[in-house]
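Take a look at the structure below.
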There are 2 protein chains.
Amino acid sequence: MKSNDLKEVALNQFALHGYQGASLSSIANEVGIKKQSIYAHFKSKEDLFISTYNDSLVNELYFIKQYMLENSSSSLKEVLYTFLNEYLGRYEKSHNMNFFMRTSFFPPVQFEQQIKKGTNEFVDELESLYFSLFEDKKDDLKPGINPEFAALSFLTILDGLLVELLYGFPERLQKRLTSSWEVYWQGVTK
Amino acid sequence: MKSNDLKEVALNQFALHGYQGASLSSIANEVGIKKQSIYAHFKSKEDLFISTYNDSLVNELYFIKQYMLENSSSSLKEVLYTFLNEYLGRYEKSHNMNFFMRTSFFPPVQFEQQIKKGTNEFVDELESLYFSLFEDKKDDLKPGINPEFAALSFLTILDGLLVELLYGFPERLQKRLTSSWEVYWQGVTK
DNA sequence: GTCTATAGAATGATAGAC
DNA sequence: GTCTATCATTCTATAGAC
């Protein structure tokens, strides 16, 4: 299926150069066809972009849900800390995270509504996944800390580490991961 | 000085549409001149962009240093919590933060080196400012938490909240601020 | 320092042959 | 589904008059 090749290449190009910075000719080039042939698969650049975005959203959610399923038997500490490492490690392996972040953080104006809706669904899903994780183990939490606090502050740290990932200084990211985790775990557990 | 008008408008346009998405004609239009007149002030679009970026970097650092100076007599808790609120509140008041984040997170490829250098200097400065803040008050910290841990995990939370700022859901941002702060403070102090 | 005129390249998109 | 040919538009940038 050529549309999948196109979407894969488009994801990379959009991740590297943004929506406006990536041209159909460079995408077509990388796939090995002429740019006009793209229109046999997608009716416009906007159509290609939004298809790519929808895929990337499904992809992000799939990874996270899959991780939760596969590690449901581990301890709370293990689930959380390993997740941070695995999710951050995922960044190097594909452009999906980079594209998804770029698009969610700075959506091209003409897609703003649509993408904001996607972001909202994504974050909602994420929050409720983590909320129920902490709800199951709420006996481990400090008296003043309820499951919602524990979940939301964990996700805030995750977002903060993603920013460090974008900056691209691995040593600094590592230090931030270590310190944030230490402070978080001390703040959350008895 | 017209160059300042140009840089101000350019900042807004680059913040809204990115480097490639903002055109010289739309910038000139908003300033009230023809696009060709821009070349009397800047030798290229790249020149205008990098000038704008340098200004934005100075601006971000200035705000943070100024805040630190003005609040050096407050308690640690007060300094930190008020900073979170003031810095986040700043987002609505100018496009400087948005532009600076967009550019630092996703620099146009041709400026990558230059911007990475700027980002590095900015974060270094920020970290050492906060490091010495905690160094001064390290008696308030938990035994296992040193000033570096306290500083880096605070800055990670700040970055995480900036992401939420970009998403643009104020109620969610507020919840994250409350929970993150609560967990952080419990994790860091005796 | 601003303007008009213009160059030259690239962009997204359509029509129609094969 | 891919190609060639082509269009209209936009883009950055330069030259030169005022």
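In what follows, every heavy atom counts, from backbone to side chain, and hydrogens, waters and symmetry copies are set aside. If you're wondering where the values come from, they're calculated on a predicted model, not measured in any experiment.
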message: Please report the distance, rounded to the nearest Å, between NZ in B/K45 and C1' in C/dA9.
response: 14 Å
- prompt: Taking atom P of C/dA13 as reference, at what distance in whole Å does atom CG of A/L48 sit?
  reply: 10 Å
- request: Dump the intermediate steps for ring pair (Phe, Tyr, Trp, His ring centres under 6.0 Å) on B/F42 and B/F49, then the final yes or no.
  value: CA-CA 9 Å; B/F42 300 93; B/F49 180 79; over 10 Å; no
Euclidean distance, atom NE2 of residue A/H17 to atom P of C/dT11 [Å, nearest integer]: 11 Å
query: What nucleotide, of D/dG1, C/dG12, C/dG1, holds the atom closest to the side chain of A/Y39?
result: C/dG12
message: Looking at B/Y19, I'd like to know if the NZ or CZ of B/K45 sits under 6.0 Å from its six-membered ring centre while staying within 45 degrees of the ring's axis.
response: yes
task: Look at B/S25 and D/dC11 and indicate whether a side-chain polar atom (N or O) is within less than 4.0 Å of OP1 or OP2.
output: yes
task: Report the C-alpha separation of A/L133 and A/L76 in whole Å, then their side-chain angles, then the decisive distance to 0.1 Å, and conclude whether the side-chain contact (heavy atoms from CB on, under 4.5 Å) test is met.
output: CA-CA 8 Å; A/L133 183 70; A/L76 180 63; 4.1 Å; yes
message: Expected output is a numbered-order residue list: members of residues 2-15 of chain A with a heavy atom under 4.0 Å from any atom of DNA chain C. What is it?
response: none
query: Does the ring of A/F169 carry A/R172 above it, NZ/CZ under 6.0 angstrom from centre and within 45° of its axis?
result: yes
- prompt: How many Å lie between CG on A/N29 and P on D/dT2, as a whole number?
  reply: 14 Å
message: Test side-chain contact (heavy atoms from CB on, under 4.5 Å) on B/T156 and A/D159; report intermediate values, then the result.
response: CA-CA 8 Å; B/T156 305; A/D159 284 339; over 6 Å; no
- prompt: How would you label the contact of B/A28 with the nucleic acid (heavy atoms, under 4.0 Å): base, sugar-phosphate, or nothing?
  reply: nothing
Counting only pairs under 3.5 Å, give me each side-chain donor-acceptor contact of residues 140-151 of chain B, with atom names and distances, residues two or more places apart or in other chains.
from: B/K142; atom 1: NZ; to: B/Q186; atom 2: O; distance (Å): 2.4
from: B/N146; atom 1: OD1; to: B/E148; atom 2: N; distance (Å): 3.1
from: B/N146; atom 1: OD1; to: B/F149; atom 2: N; distance (Å): 2.8

- prompt: For A/E46 and C/dT11, what is the distance between atoms CD and P respectively, to the nearest whole Å?
  reply: 17 Å
Every protein N/O within reach of nucleotides 3-5 of chain C N/O, cut-off under 3.5 Å:
from: C/dC3; atom 1: OP2; to: B/K34; atom 2: N; distance (Å): 2.7
from: C/dC3; atom 1: OP2; to: B/S37; atom 2: OG; distance (Å): 2.9
from: C/dA5; atom 1: N6; to: B/Q36; atom 2: NE2; distance (Å): 2.7

query: Mind checking whether A/F100 and A/F122 have ring centres under 6.0 Å apart?
result: yes
- prompt: What integer distance in Å separates A/L24:CG from D/dT2:P?
  reply: 15 Å
- request: Using distance alone, with no hydrogens and no angle criterion, decide if A/E135 and A/Y130 have a side-chain donor and acceptor under 3.5 Å apart.
  value: no
query: Going by the angle between their ring planes, with limits at 30° and 60°, are B/Y184 and B/F134 parallel, tilted or perpendicular?
result: perpendicular
